Amino acid sequence: MYGCIAEKLGHSFSKEIHNRLFDYDYELLELSPDELDSFMRAKPFKAINVTIPYKEAVIPYLDEVSEVARKIGAVNTIVHDNGYLKGYNTDFSGLSALIEKNSISLQGKKVLILGSGGTSKTALAVAESMECRAAYRVSRDKKEGCITYAEAERLHRDAEVMINTTPVGMYPNLYCSPVDLEAYPKLCAIVDAVYNPLRSKLVYDGQKKGIQAVGGLYMLVAQAAKAAEKFLGQAVSTSEIDRVYRELLLLKTNVVLIGMPGSGKTTIGKRLAEELGADFIDTDEEIVKREQTSIPKIFAELGEAGFRRIESEVIRSVSMMQHAVIATGGGAVLNSVNMELLGENGRIYFIDRPLESLIATDDRPLSSNRADLEKRFKERYEKYCASCDAHICIGDDVNENIKKIKEEFCHENIGY
Ligand code: S3P
């Protein structure tokens with residue numbers, strides 16, 4: 001057996017990654033802490049990955065531990081050769097590869113590493129190997145070898161690089177960040193080990209401030225590739241890692257459509273979902289399903305504020321989906337939290353149809369006549385422009401419109 005052991009593996013991408021690299025079967029195996037001992041003694045595997053919370057706990061069962069893994073004190077890959085177990089740490093290579101791919105320099109820099117678990121130790125070893133000036137692990141509680149968040153803010157406001165190894169902001173807790181970036185005005189790069197969502201709030205906040213900020217998907221793929229090399233004794237090239245990263249990224253990213261009522265978000269979205277083999281979600285339809293009543297009735301009973309509250313709840317839940325095409329209501333853009341949530345797993349497209357070809361309809365309470373429609377257009381146009389990752393000018397040919405979005409989605413370098 002090849003696979004991965006952990007206490008919880010519900011949202012692991014590892015099987016999908018290994019299956020794209022080589023043709024061995026790769027199993028995800030959840031083990032409770034009391035099952036670990038008998039599993040490690042029985043050694044029923046050819047090679048395995050190990051993840052939270054067992055990266056340190058497996059070490060006593062190993063006959064040999066690589067120098068990097070020993071120095072870090074954490075093992076994420078074990079190879080079984082005739083009863084002999086050797087442990088490695090390929091997270092080290094994975095994190096190094098993520099930093100190098102994005103041309104982030106740690107040399108001479110002050111680095112803050114958020115978190116105190118196994119991955120924080122790996123990040124410390126990577127920062128040292130890249131000749132940082134100083135690196136500090138930051139923990140919520142007073143822990144050996146770590147400083148607290150209050151100390152970090154007081155003594156290291158001048159930190160230049162931040163590496164997050166905590167699970168804050170990770171699925172299902174979107175829209176949470178471990179720090180307020182205002183406290184660190186000198187930051188020039190942020191590296192987040194979180195890959196689900198693809199663009200965590202920390203990464204999002206960093207990008208908004210113009211700081212280079214990257215998520216952890218490439219690290220995940222690169223560590224898996226290095227593990228696969230150990231499994232089979234066969235090299236995996238950087239271009240293979242890039243290929244798998246790109247495939248996975250397209251498979252996980254949502255396409256989010258924003259724009260005026262009547263701009264064609266639903267029609268385009270349905271067709272696009274079919275062509276991409278993705279699920280289609282219309283947030284207005286979700287609202288109607290959830291409330292068991294029509295949108296005009298919700299406006300009549302709860303007012304616009306009541307409708308917006310429900311809309312935001314629906315958006316929070318659909319933002320966690322992956323590989324979906326999500327058509328939003330025209331007013332979703334009015335709340336910036338909606339846009340940030342949708343942006344955590346999605347690429348946001350402004351479907352920009354000219355005002356002349358938009359038509360007012362009775363079933364849309366805020367744009368049921370021409371004057372209201374024009375008012376909404378004026379109020380919102382700048383917001384659509386500022387909230388999107390890509391601005392698509394829409395014409396009358398649906399096929400052409402879909403082609404434009406697909407081309408942008410598939411060929412643009414959309415990494416996070
Ligand atoms: C609204 C647009 C509608 C719907 C609701 C509010 C708006 O969605 O969410 O009537 O504020 O413009 P469409 O843009 O899909 O018509």
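Heavy atoms only: backbone and side chains are in, while hydrogens, waters and symmetry mates are out. All figures in this text were calculated on a predicted structure; none of them were measured in a lab.
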Q. Is a donor on one side and an acceptor on the other found under 3.5 Å between the side chain of His323 and the backbone of Leu276?
A. yes
Q: May I ask you to decide whether Arg316 forms a salt bridge with Glu344, counting only side-chain N to carboxylate O separations under 4.0 Å?
A: no
Please set out all donor-acceptor pairs under 3.5 angstrom arising from side-chain atoms of residues 64-71, sequence neighbours excluded.
| unit_1 | atom_1 | unit_2 | atom_2 | d |
| --- | --- | --- | --- | --- |
| Glu64 | OE1 | Tyr84 | OH | 2.7 |
| Glu64 | OE2 | Lys86 | NZ | 3.2 |
| Ser66 | OG | Ala69 | N | 3.2 |

Q. Is any NZ, NE, NH1 or NH2 atom of the basic residue among Glu275 and Arg271 found under 4.0 Å from an Asp or Glu carboxylate oxygen of the other?
A. yes
**Q.** side chain to side chain donor-acceptor pair (under 3.5 Å) partner of Asn49, the single match among Gln223, Lys55, His18
**A.** His18
Q) Salt-bridged, Asp397 to Lys403, with N to O below 4.0 Å? A) no
Q: List for me each residue that meets salt bridge (Lys or Arg N to Asp or Glu O under 4.0 Å) alongside Lys109, sequence neighbours excluded, and say none if there are none.
A: none
Q) Quick one: does Arg140's side chain have a donor or acceptor within less than 3.5 Å of a partner on Tyr149's backbone? A) no
Q | Lys NZ or Arg CZ of Lys252 over Phe13 ring: under 6.0 Å, within 45° | A | yes
Q) What distance do Asp91 atom CG and Thr51 atom OG1 have between them, rounded to the nearest 0.5 Å? A) 7.5 Å
Q) Is a salt bridge present between Glu286 and Lys289, judged by a nitrogen-to-oxygen distance below 4.0 Å? A) yes
Q) So, for Phe377 and Tyr384, is the gap between ring centers shorter than 6.0 Å? A) no
Q) Between Arg243 and Arg20, is there a donor-acceptor pair closer than 3.5 Å when you use the side chain of the first and the backbone of the second? A) yes
Q.
Using modelled atom types and a 3.5 Å cut-off, is there a donor and acceptor pairing between side-chain atoms of Asn345 and backbone atoms of Ser319?
A. yes
